[in-house]
K.L.:
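Mind looking over this structure? Questions follow.
Throughout, a chain's letter reflects where its sequence line sits, starting with A, and its residues are numbered from 1. Because only heavy atoms are used, hydrogens play no part in the values below, and waters and symmetry mates are left out as well, while side chains stay in.
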Amino acid sequence: MSTESTKLAFNDGWQYAPAPESTDHISIDEQYGLFIGGEFVAPESGRYFETVNPATEQTLSSVSLASAADVDLAVKAARKAYNGAWSKMAAADRGKYLFRIARILQERAREFATIESLDGGKPIRESRDIDIPLAAAHFFYYAGWADKLEYAFPGRRPVPLGVAGQVIPWNFPLLMAAWKIAPALACGNTVVLKPAETTPLTAMKLAEVIRDAELPPGVVNILTGAGETGAEIVNHPDVNKVAFTGSTEVGKIIQRSLAGTDKKYTLELGGKAANIIFADAAIDEAVEGIVNGIFFNQGHVCCAGSRLFVQESVAEEVVRKLKDRMETLIVGDPLDKNTDIGAINSASQLETIQSYLKVGQDEGAEMYQGSGSLPEQGYWCRPTLFTGVSQSNRIVQEEIFGPVLAIQTFRTLEEGLTKANNTPYGLSGGVWTDKGAKIFKMTQQIRAGVIWANTFNKFDPTSPFGGYKESGVGREGGLHGLGAYLKLET
Amino acid sequence: MSVVPLPQEVRMPDLSRVALVDEVGVNERAARFQTRSIKNESKVEALHMILSMIDLTTLEGQDTPGKVRQLCQKAIHLHDAMPGLPHVAAVCVYPTMVGEAKKALGNHDINVASVATAFPSGMAPLQIKLEETRIAVDDGADEIDMVISRGAFLQGEYRYVFDEIAAVKEACGKAHLKVILETGELGTLDRVRRASVLAMHAGADFIKTSTGKIQPAATLPVTLVMLQAIRDFYYETGRMIGMKPAGGISNAKLAIHYLVMLRETLGNAWMTPEWYRFGASSLANDVLMQLQKQASGVYQSADYFSKD
């Protein structure tokens, strides 16, 4: 019979020696200017800020702080490029530039992956196998659309919008840049993009790629800075389209500021996705999906499956298996090829996560964490589960953006569905069952932009992505992603 | 929830409660183990472990007593040029070679495993299978590798398969029983899982993927499903069951990934020859070559390693 002594042991015995990706093959400048009009230029303000490696807390480089004057220069450069070479160019040639960027990204994938992990803290396995290949895939995908826009929207005449102001987050720095830049350029727009404050380096490297690909000057401008820089871009009167990915809080501010303007916008905001496990699911694979759903990229994922709903008859088994699985997750050096969970992106995000861990415990939930050791330096959080929570707990309602899972049970499909939808968010969801009919029933009724069945966190450039409710406005990716960068005239 | 424990007797499991398997998910998880990068001292440790877990196998119609003696010599002396190596766990031969193997291994702590039950097809009447098993055990086999009746299993005759395994287990006496599912003939991972559960409940000490005579033989996904079945059986009954992937694992790198999968699925308790085996004929030499490479920094020619 199964007893307390019946327990699997993962901590002793054979261990994996460190297997770090080398950093010999990359070069990071001590300081980066702003990429405006095809060149790196010093910021008007003369001010710079540092970007640190969250795994070591060491400074990697310093980047420019773009002020209103720099934003104005960048928008002017983008406008000039839009009125000039870019709009006069044959669409097929626009596509050619995008193909060129995609190919260079593939060629330099290892370098990009290493820098992404250094600057952002994500495990090299993810930056190498997911972020960078997907970023290249987005450029390839939209490159193909550049000269086929009329076929994408039959009977309509697609016209570019002009200058797109784009502000992206720190969780998938290069990938989000690709999501934003590729469709904008394919549709004939020009771009002013701001990477996140804590993860500017791959954007700076992308600027080098764009320069090396010999795009006409000003087609893509990349400005580093903090929230104020982003606000300057969003509010610049000569920007025609705003694309933002980030928190719901900032999204609301942007939406407010855009009210009354004729700027077109897409917003990808927060999430608190329900991952729903039915008793008739393949449980072992569902457990893997739960792990992938919440611990992927340290849980810094807007579509993370942060609310787990397990049908009550299998709840005990699922939680036991989750706990076993968590023992085999390796938290540590993001550059180590065996690392599963890297560093939390920044000191402030770690503080946020830790405050939620406290909130969860204060609310009476039971907390469980993996037992592995953590490095001494850097920002770290063990994979964490909360059981004994209900819909009214803050850790169930609010987006934590960390490796923290809140687990509830349900009895009937209707109960699961009601709980899943009882949230202001609606970005993604997951359903696990062996019954096809149940999958369709659930996916039709879960109010979320993306729903995965028997898998989680799968991305593809051909698939639209975006939120219901407070998770956002508009779609990126696929055909839908083109529409967001075009005016469709009749 | 506490329930009154049932008496420990052999009982047909409720197959309707066997866990479902999602093939896409299993393949994804199995691929993930292959992204683990095993270097330096962990690699050396793994290579030693692999050697100690090998069932050095020869199962050919053309086997001779001489070949079996050579195999046994190799089992004891894997590569004497390299001191400190373990010996393999067992040699695996046909029943007619058990006596020869037993003699050749002498007092060495290496088991003799014999395939039985009309290996590899299993197409023989039950009494012949039982007789063959008893003969192999009488000749000194420490372990019996039986094959299940795949025909009966695929027809849904689970009771027949269950009873047959239980009967062979009884015929084994003190010998350990490994039950070969021949997963390459089962078709789906759901059936692999079901056959695993059936075999464990019927008395298997080990479950084993393949005879090596059918393609595909052992794969990472199939082995993962069997390891998961072992884990759930352990949680259900408190009993540990061993695992033996066999066939197709011919290089050290792949074998290391099998160990990674074992470690992350069942944990450390299983990482000994008592609970895990590799059924292989050519794996040992590749492992030896890798060990040589770790020690000297260069690969030696295959000619430096004895074939048998």
K.L.:
So, Asp14(B) versus Ser16(B): side-chain donor-acceptor pair below 3.5 Å or not?
P.N.:
yes

K.L.:
Report the relative orientation of the aromatic rings in Trp14(A) and Tyr16(A); use parallel for angles under 30°, tilted for 30 to 60°, perpendicular for over 60°.
P.N.:
perpendicular

K.L.:
Which residues in residues 260-274 of chain B have any heavy atom closer than 4.5 Å to a heavy atom of chain A?
P.N.:
Val260(B), Arg263(B), Glu264(B), Thr265(B), Leu266(B), Gly267(B), Asn268(B), Trp270(B), Met271(B)

K.L.:
Any non-hydrogen side-chain atom of Ile249(B) less than 4.5 Å from a side-chain atom of His257(B)?
P.N.:
no

K.L.:
Using heavy-atom distances under 4.5 Å, tell me whether Asp232(B) contacts chain A through its side chain, its backbone, both, or neither.
P.N.:
side chain

K.L.:
Is the Phe410(A) to Phe278(A) ring centre distance short of 6.0 Å?
P.N.:
yes

K.L.:
List the residues meeting side chain to side chain donor-acceptor pair (under 3.5 Å) with Gln106(A), not counting sequence neighbours, and say none if there are none.
P.N.:
none

K.L.:
Tell me, side chain or backbone of Asn11(A) under 4.5 Å from chain B's heavy atoms, or both, or neither?
P.N.:
backbone

K.L.:
Let me know if Gln15(A) has heavy atoms under 4.5 Å from chain B in its side chain, its backbone, both or neither.
P.N.:
both

K.L.:
Using the rule salt bridge (Lys or Arg N to Asp or Glu O under 4.0 Å), only one of Arg239(B), Lys244(B), Arg277(B), Lys169(B) pairs with Asp205(B); which is it?
P.N.:
Lys169(B)

K.L.:
Does any part of the side chain of Glu116(A), heavy atoms only, come nearer than 4.5 Å to the side chain of Lys122(A), both counted from C-beta?
P.N.:
yes

K.L.:
How would you list, in number order, the residues of residues 41-56 of chain B that have a heavy atom less than 4.5 Å from chain A?
P.N.:
Glu41(B), Ser42(B), Glu45(B), Ala46(B), Met49(B)

K.L.:
What residue in Asp324(A), Asn292(A), Ile283(A) has the most heavy-atom pairs under 4.5 Å with chain B?
P.N.:
Asp324(A)

K.L.:
Between Asn454(A) and Glu285(A), is any pair of side-chain heavy atoms under 4.5 Å apart?
P.N.:
no

K.L.:
Under the side chain to side chain donor-acceptor pair (under 3.5 Å) rule, collect the residues that match up with Thr209(B), sequence neighbours excluded.
P.N.:
none

K.L.:
Answer yes or no: is there an ion pair linking Asp284(A) with Lys321(A), defined by an N-O contact shorter than 4.0 Å?
P.N.:
yes

K.L.:
Aromatic ring centroids of Phe172(A) and His300(A) under 6.0 Å?
P.N.:
no

K.L.:
Under 4.5 Å heavy-atom distance to chain A, tell me which part of Leu259(B) shows up: side chain, backbone, both or neither.
P.N.:
both

K.L.:
Are Glu317(A) and Arg320(A) ion-paired here, with the side-chain N under 4.0 Å from a carboxylate O?
P.N.:
no

